[in-house]
Amino acid sequence: NCERCQCHGEDNRTAILYTLLSQNLHRSPAQQRCLCHQRRTVCLRDPHVTCQAASNVLVKTVSFMKNLPCFRLLPREDQLLLLESCWVPLFLLGLVQEMVTFEVMETPAPSMLKKILLDGQSKWQEPERTQPTLAAVQRLQCCLNSFWSLDLSPKEYAYLKGAVLFNPDIPGLRASLHIESLQREAQRALQELLQPLHPHDRSRFARILLISSTLKSISPALITDLFFRPVIGNADIVELIAEMLYEITGRPLAP
């Protein structure tokens with residue numbers, strides 16, 4: 001926590017101006033600005049360019065699902081469950097395939113004077129949006145780098161996306177057995193593809209599945225806050241993706 005990471009050193013505590021201003025803010029230690037990676041918040045350095053690229057990847061991700069006949073033949077309830085559970089790993093695979101890179105910068109600290117002047121007015125203000133942490137973004141970038149090191153071909157991406165999309169372990173699926181067979185089929189196709197492409201790399205299939213499992217550790221909240229919240233505001237990202245999938249007129253994703 002903040003007390004252990006020593007973000008607030010002796011110099012900060014003894015500064016006269018810092019002490020005077022802090023007395024007026026009535027903040028607990030957990031609310032004070034922290035410099036450790038677990039608490040430091042960040043935002044995109046170039047949000048217009050990155051959000052546009054992310055929106056393009058999301059459109060291609062939805063098109064991938066829309067163009068799979070075996071997906072469209074599933075019960076609509078199962079389609080929505082798969083969409084909600086799998087859109088993040090599919091989107092991340094799209095980021096890797098499209099070679100989308102991004103940089104972040106530390107979120108500007110709110111002015112202490114502004115907080116003092118607005119003290120007591122917070123109940124009339126909208127709640128502040130959550131911001132990604134530096135540690136979470138670094139985990140994301142590490143995951144993307146692991147995939148780039150594999151240097152997957154377009155066919156490998158396609159079969160891997162199928163294996164990721166058809167996840168039979170999602171609670172509530174009506175056609176879980178059929179979805180499980182679709183996942184096995186996608187995995188088998190991927191494995192058969194690797195034999196002629198990488199005949200001397202027998203561990204490649206296992207490495208691909210292992211690295212793809214790390215996609216589940218990336219939270220939808222992180223992806224939404226980092227890439228889409230600047231564009232869609234407080235809208236529900238899953239609802240917007242469903243609108244795109246079923247071609248329902250909704251809010252545009254382009255910045």
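Values in this document were obtained by computation on a predicted structure and should not be read as measured data.
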Check whether any side-chain heavy atom of Q131 lies under 4.5 Å from a side-chain heavy atom of C43, and answer yes or no. yes

Using the test side chain to side chain contact (heavy atoms under 4.5 Å, CB included), find all partners of E185 that sit at least two apart in sequence or belong to another chain. L182, R188

Do I223 and L92 make a side-chain contact, defined as non-hydrogen atoms from C-beta onward lying under 4.5 Å apart? yes

Mind checking what makes ring pair (Phe, Tyr, Trp, His ring centres under 6.0 Å) contact with F91, not counting sequence neighbours? F227, F228

Okay, side chain of Q183, backbone of F166: is any donor-acceptor separation there less than 3.5 Å? yes

Taking the side chain as every heavy atom from C-beta outward, state whether T133 and V42 have any pair of such atoms under 4.5 Å apart. no

Checking the side chain of N67 only, and the main-chain atoms of S63 only, is there a donor and an acceptor separated by less than 3.5 Å? yes

Could you go through the side-chain contact (heavy atoms from CB on, under 4.5 Å) check for R139 and S217 one step at a time? CA-CA 9 Å; R139 286 195 298 271; S217 66; over 6 Å; no

Kindly say whether E247 contributes a backbone atom to a donor-acceptor pair with the side chain of K66 at under 3.5 angstrom? no

Quick one: are L95 and F147 in side-chain contact, heavy atoms under 4.5 Å? no

Please determine which of L81, I170, L215 meets the side-chain contact (heavy atoms from CB on, under 4.5 Å) test together with C86. I170

Heavy atoms only: give me the nearest M105-L44 pair and the separation to one decimal. CE-O, 4.2 Å

Out of curiosity, W148 CH2 to C143 SG, how far, rounded to the nearest 0.5 Å? 10.0 Å

I'd like to check the side chain to side chain contact (heavy atoms under 4.5 Å, CB included) partners of S203; sequence neighbours left out, ordered by chain and number. D201, R207

Indicate the atoms forming the closest heavy-atom contact of A163 with Q187, along with that distance. CB-CG, 3.8 Å

Minimum heavy-atom separation for S176 and P168, please, with both atom names. O-CB, 3.7 Å

State, with a plain yes or no, whether a side-chain heavy atom of V164 is found less than 4.5 Å away from one of Y159. no

Minimum heavy-atom separation for L58 and I237, please, with both atom names. CD2-CD1, 4.2 Å

With a 4.5 Å limit on heavy-atom distance, are the side chains of F71 and L245 in contact? yes

Scan residues 147-158 for pairs that pass salt bridge (charged side-chain N to carboxylate O under 4.0 Å, His left out), counting only residues two or more places apart or in two chains. E156-R204

Can you name the nearest heavy-atom pair linking L222 to V137, along with the distance? CD1-CG2, 4.3 Å

Would you give the length of the straight line joining atom CH2 of W87 to atom OG1 of T61, rounded to the nearest 0.5 angstrom? 9.5 Å

Can you get from F64 to L73 by hopping between Ile, Leu, Val, Met, Phe, Trp and Tyr side chains that sit under 4.5 Å apart? no

How many angstroms lie between atom CG of L165 and atom CG of L68, to the nearest 0.5 angstrom? 6.5 Å

Separation of L173 CG from Q79 CD (nearest 0.5 Å): 11.5 Å

Any side-chain donor-acceptor pair under 3.5 Å between N145 and Q141? no

Side chains of H178 and L74 in contact at under 4.5 Å (non-hydrogen atoms): yes

Can you measure from CG (L190) to CG (L194) and round to the nearest 0.5 angstrom? 4.5 Å

Side chains of K161 and Q97: do they bring a donor and an acceptor to under 3.5 Å? yes

Donor-acceptor pair, distance only, cut-off 3.5 Å: does the side chain of T224 make one with the backbone of A221? no

Taking side chain to side chain contact (heavy atoms under 4.5 Å, CB included) as the definition, give me every residue that meets it alongside V49, ordered by chain and number, with sequence neighbours left out. D46

Among V62, L80, I241, which residue satisfies the side-chain contact (heavy atoms from CB on, under 4.5 Å) criterion with Y246? L80

Flag side-chain contact, heavy atom, 4.5 Å: L144 against V100: no

Between T214 and S146, does the side-chain contact (heavy atoms from CB on, under 4.5 Å) criterion hold? Intermediate values first, please. CA-CA 10 Å; T214 64; S146 298; 5.9 Å; no

Is the side chain of T107 donor-acceptor paired with the backbone N or O of T41 at a distance under 3.5 Å, no angle test? yes

Under 4.5 Å between side-chain heavy atoms, counting indirect links through other Ile/Leu/Val/Met/Phe/Trp/Tyr residues: same cluster for I179 and L177 or not? no

Please say whether more than 12 non-hydrogen atoms of neighbouring residues, nucleotides or ligands are located less than 6.0 Å from CD in E84. no

Is it true that a side-chain atom of D78 and a backbone atom of A175 form a donor plus acceptor pair closer than 3.5 Å? yes

Taken to the nearest 0.5 Å, the spacing of E98 CD from L93 CG works out to 11.5 Å

Test side chain to side chain contact (heavy atoms under 4.5 Å, CB included) applied to S213 - qualifying residues, sequence neighbours left out: L210

Looking at every non-hydrogen atom in both residues, tell me the closest pair between L83 and V238 and how far apart they are. CD2-CG1, 3.8 Å

